[in-house]
Amino acid sequence: MGMVDIGEFALSDREFTRIRQRVYKIAGISLSDAKRTLVVSRLSKIVRALGLPGFDAYIDFLDHGGSPADDQAFVNALTTNLTRFFREDHHFDHLRTHVGELIARPQRVGKGGRPRLRIWSAGCSTGQEPYTIALALLAAFPDLGRWDFRILATDIDSSVIARAAEGIYPAGELNGLSAQRQALFERGPRGEVRIPSAAREVITFNLLNLMAPWPFKGPFDAVFCRNVAIYFDKPTQGRLFDRLGEVLAPDGFLYIGHSENLQAVSKGFKLVGKTVYQRKSITTARDAA
Ligand SMILES: C[S@@+](CC[C@H](N)C(=O)[O-])C[C@H]1O[C@@H](n2cnc3c(N)ncnc32)[C@H](O)[C@@H]1O
């Protein structure tokens with residue numbers, strides 16, 4: 001395809017291949033040719049800040065002298081973090097209407113006889129997804145504060161996790177939401193959107209690469225992994241969805257993005273709604289085959 005030169009540095013085919021291989025190996029992200037311009041604009045800033053002559057020198061530096069912080073900056077620059085509050089809102093309606101059956105199961109009674117509910121937002125970006133889960137459930141279940149309820153929210157990108165943990169968003173962030181939904185949020189002195197403490201308190205934000213080993217076993221009653229697997233190739237998606245099945249409780253729900261599907265890996269799941277899957281409680285001989 002030749003050279004792309006819209007930033008300070010030109011990107012050769014060879015350099016693009018090296019960058020692609022590197023981000024695939026670390027994060028499972030498959031960069032298409034269409035991402036060349038984005039790669040140049042995002043990585044040029046880093047190359048310039050390091051005082052390096054170009055992308056080849058940058059990849060050499062990452063391979064031989066770079067620190068974990070340099071690797072993190074490389075990954076942060078190549079993730080796509082688009083998200084919003086109440087995105088694909090049918091998922092939150094589905095969760096709300098099924099929470100009753102999730103907590104009714106005997107094995108979900110937690111400490112002190114309180115209902116136990118565990119949800120994972122995997123690839124949470126700047127936090128709108130886990131905050132929406134918390135706000136929607138707090139509004140629907142007034143006694144939720146007394147439950148043993150936790151949301152784990154993780155992402156590979158350290159900059160989005162830091163922003164998510166702050167829980168403060170620009171004033172326009174709620175544009176397009178109904179007045180009823182907007183009323184779930186608080187406003188700061190300059191009109192900025194603030195997440196109420198009741199929602200912040202139930203969420204733990206952590207840095208986590210979905211391609212790496214996970215430091216927990218679950219079980220989660222619901223996993224949101226939406227608009228994350230679109231960046232992965234089919235084999236990587238297959239392995240990820242299999243692993244998500246392993247940390248989901250029997251009958252737990254997996255919510256995926258509007259353009260995604262489980263296809264061949266859906267053996268352990270059944271489709272129960274629009275991009276909503278439920279982990280089968282009993283594996284039949286046919287499933288296992
Ligand atoms: C488009 S956002 C989706 C955010 C949210 N789930 C939603 O649907 O609105 C995709 C997120 O996946 C994260 N991501 C990509 N590869 C990842 C990986 N290997 N491990 C963890 N997170 C990853 C990105 O950093 C990004 O924040």
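Everything numeric here is computed off the predicted structure, so don't read it as measured data. Read the numbers this way: they start at 1 and go in the same order the structure lists the ligands and their atoms.
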* Asked: For ligand 1, is Phe224 a contact, meaning one of its heavy atoms is under 4.0 Å away?
  -> no
* Asked: Is ligand 1 less than 4.0 angstrom away from at least one heavy atom of Gly28?
  -> no
Using a strict 4.0 Å threshold on nitrogen-to-oxygen distance, state whether [X] and [Y] make a salt bridge.
X: Asp251; Y: Lys280; value: no
X: Arg18; Y: Asp13; value: no
X: Arg116; Y: Asp221; value: no
X: Asp233; Y: Arg239; value: no
X: Arg87; Y: Glu129; value: no

List the closest protein heavy-atom neighbour of [atom]: residue, atom name, distance to the nearest 0.1 Å.
atom: atom 17 (C) of ligand 1; result: Ile156 CG2, 3.6 Å
atom: atom 2 (S) of ligand 1; result: Thr80 O, 3.4 Å
atom: atom 4 (C) of ligand 1; result: Gly123 O, 3.4 Å
atom: atom 19 (N) of ligand 1; result: Ala27 O, 2.8 Å

Atoms of ligand 1, numbered as shown, that sit under 4.0 Å from any heavy atom of [X]:
X: Val228; result: 12 (O)
X: Asp157; result: 25 (O)
X: Asn209; result: 18 (C), 19 (N), 20 (N)
X: Ser125; result: 4 (C), 27 (O)
X: Arg226; result: 3 (C), 5 (C), 6 (N), 7 (C), 8 (O)
X: Leu208; result: 20 (N), 21 (C)

* Closest contact, heavy atoms only, Arg243 versus Ala212 -> NH2-O, 2.8 Å
* To do: Heavy atoms only: give me the nearest Val247-Phe216 pair and the separation to one decimal.
  => CG1-O, 4.5 Å
* Classify the ring geometry between Tyr169 and Tyr131 as parallel (under 30°), tilted (30 to 60°) or perpendicular (over 60°). => perpendicular
* Hey, is Ile29 touching ligand 1 through its side chain, its backbone, both or neither, going by heavy atoms under 4.0 Å? -> side chain
* Counting only heavy atoms, which portion of Glu129 has something under 4.0 Å from ligand 1: side chain, backbone, both, or neither? -> side chain
* Candidate with minimal heavy-atom separation from atom 9 (O) of ligand 1, of Thr154, Thr83, Asn227 -> Thr83
* **Shortest heavy-atom approach to atom 11 (C) of ligand 1 - which of Ile230, Asn81, Leu207, Asp155** => Asp155
* Asked: Would a distance-only check, ignoring hydrogens and angles, find a side-chain to backbone donor-acceptor pair under 3.5 Å from Arg200 to Glu166?
  -> yes
* Asked: Are the side chain of Arg36 and the backbone N or O of Leu11 linked by a donor-acceptor pair below 3.5 Å?
  -> yes
Give yes if a backbone or side-chain nitrogen or oxygen of [X] is under 3.5 Å from a nitrogen or oxygen of ligand 1, and no if not.
X: Cys124; result: no
X: Tyr231; result: no
X: Leu210; result: yes
X: Arg87; result: yes

* Asked: Do other residues, nucleotides or ligands put more than 12 heavy atoms under 6.0 Å from the CZ atom of Arg163?
  -> no
* Do Phe185 and Glu173 touch side chain to side chain, with heavy atoms closer than 4.5 Å? -> no
